[in-house]
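Following: one structure in structure tokens, then a few remarks.
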Amino acid sequence: MDTTTLALIELGAVFFALGLLGRLAARVGMSPIPFYLIGGLCFGQGGFIQLGDIGEFSHLASEIGIVLLLLLLGLEYTAAELVTGLKRSRVAGIVDIVLNATPGAVVGLMLGWGVVGATVMAGVTYISSSGIIAKVLSDLGRLGNRETPVVLSILVFEDLAMALYLPILTAMLAGVSFMGGLEAVGISLLVITVVLVVALRYGRYVSALLDSPDSETLLLKLLGAALLVAGISSAMQVSAAVGAFLLGIAISGSTAHNASRVLEPLRDLFAAMFFVVFGLNTDPSSIPPVLGWAAILAVVTAITKLVTGAWAARRQGVARMGQARAGAALIARGEFSIIIAGLAVSAGAVDAELAALATAYVLLMAVIGPVAARVIEPVASLYIKVRTKS
């Protein structure tokens, strides 16, 4: 059997299996991310069956998946909303960084992974999953709740923090000098500032350039622009993911709505490949040794996110039940944590165990987050009654 034929068979099997896993996730009311990661673990190095002829395609597909994930995330916000969200949540955002990045950094140092490994793990434990959280809030009918704007403003702050964190991490992974790192951060700040100014003042022109009444033309324009911006950003030592996110911010109005509609199926396809590829590159036998650390991090950072959300909601005058819901909503980790770990592993600058720890941690948090969001109301109600009686 020739290489092309075998690759087609393997790709077909992978896509079909992803469809089945996605259906299973929907049936049990969970995010498909843990299922995709498990699927990758089963068919990668050390798994049941090792796929060997789709490596080049799967690597490129996973990179496109990162770009589309961040592009669609950027489409959810306008520049004005980002600026407003930053002003509203800056104090809570700083508390969020301190409480949730610290556990990951401490574990990274304790495991002997150095400053780079600690920085990677800080990002893994810090960033909540916007995708999982948005779906959970929608499924539970909480989008109109009083605490939801607090949750969303913290997510906006986290996304902006990532726009600064990723260039710093990229520079560290590349082993550049201190001055080179400062240059990367300076370029990133300049690019972010320019994009926000352009989006605020001239966003309608960017949208008009990309807009089209024809779905096929719109898709080609958007995908081409996203890949171009991502590639140019990467060449400037600004993360490709950040470039895609900023492009999404610059697109607004009906164009953003239409862009989301035509890109979502493509994003789901390539994003699924990204999670599978991360699993493929992680040896399942490396997970048991770090499972204890993953469980500790899961417990600690679930509590710290709960405290963060509750504290932020309390500052906005939200009642106790709303405070509990806000904290529980922020617990889930997912796509961004894997993106951070994936960047580090692909650069070859961190210990291989880090991928295993990140995988185990995300598997736990992608399950714990939605479950916590669902059960927090009866638990908080019981706690409030006990406190009231005492």
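Just so we're clear, the structure is a prediction, and the values are computed from it rather than from any experiment.
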Is any side-chain heavy atom of [Y] closer than 4.5 Å to one of [X]?
X	Y	value
Gln323	Val150	no
Ser128	Ile133	yes
Trp113	Val120	no
Arg142	Arg325	yes
Pro34	Val362	no
Phe336	Glu158	no
Thr148	Asn145	yes

Can you hop from [X] to [Y] via hydrophobic side chains spaced under 4.5 Å?
X	Y	value
Met273	Ile38	yes
Val290	Met365	yes
Leu209	Val262	no
Leu223	Leu72	yes
Leu24	Val14	yes

Can you give me the closest heavy-atom contact between [X] and [Y], atom names plus distance?
X	Y	value
Ile331	Gly369	CG2-CA, 3.8 Å
Ala259	Leu75	CB-CD1, 3.9 Å
Gly104	Leu297	N-CD2, 4.0 Å
Ala372	Ala328	O-CB, 3.8 Å
Gly39	Leu21	CA-CD1, 4.3 Å
Tyr36	Ala272	CE1-CB, 3.7 Å

Interatomic distance, [X] atom [atom1] to [Y] atom [atom2] [nearest 0.5 angstrom]:
X	Y	atom1	atom2	answer
Leu306	Leu330	CG	CG	9.0 Å
Ile296	Leu291	CD1	CG	10.0 Å
Asp211	Ile251	CG	CD1	9.5 Å
Leu111	Met121	CG	CE	8.0 Å
Leu18	Leu269	CG	CG	8.5 Å
Ile154	Lys305	CD1	NZ	7.5 Å

Given 3.5 Å as the limit, does a donor-acceptor pair link the side chain of [X] with the main chain of [Y], or not?
X	Y	value
Asp96	Ala92	no
Asp214	Thr217	yes
Arg333	Ile338	no

Between [Y] and [X], is there a side-chain donor-acceptor contact under 3.5 Å, judged purely by atom types and distance?
X	Y	answer
Ser212	Lys221	no
Tyr165	Thr119	no
Asn100	Thr304	yes

Greater than 12 external heavy atoms within 6.0 Å of Phe15's CZ: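 More than 12 heavy atoms, drawn from other residues, nucleotides or ligands, come within 6.0 Å of this atom.
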Other residues, nucleotides, ligands: >12 heavy atoms within 6.0 Å of Arg261 CZ: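 More than 12 heavy atoms, drawn from other residues, nucleotides or ligands, come within 6.0 Å of this atom.
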Audit row: Thr102, Tyr126, side-chain hydrogen bond (donor to acceptor under 3.5 Å, both in side chains) steps and yes/no: CA-CA 8 Å; Thr102 302; Tyr126 162 61; over 6 Å; no
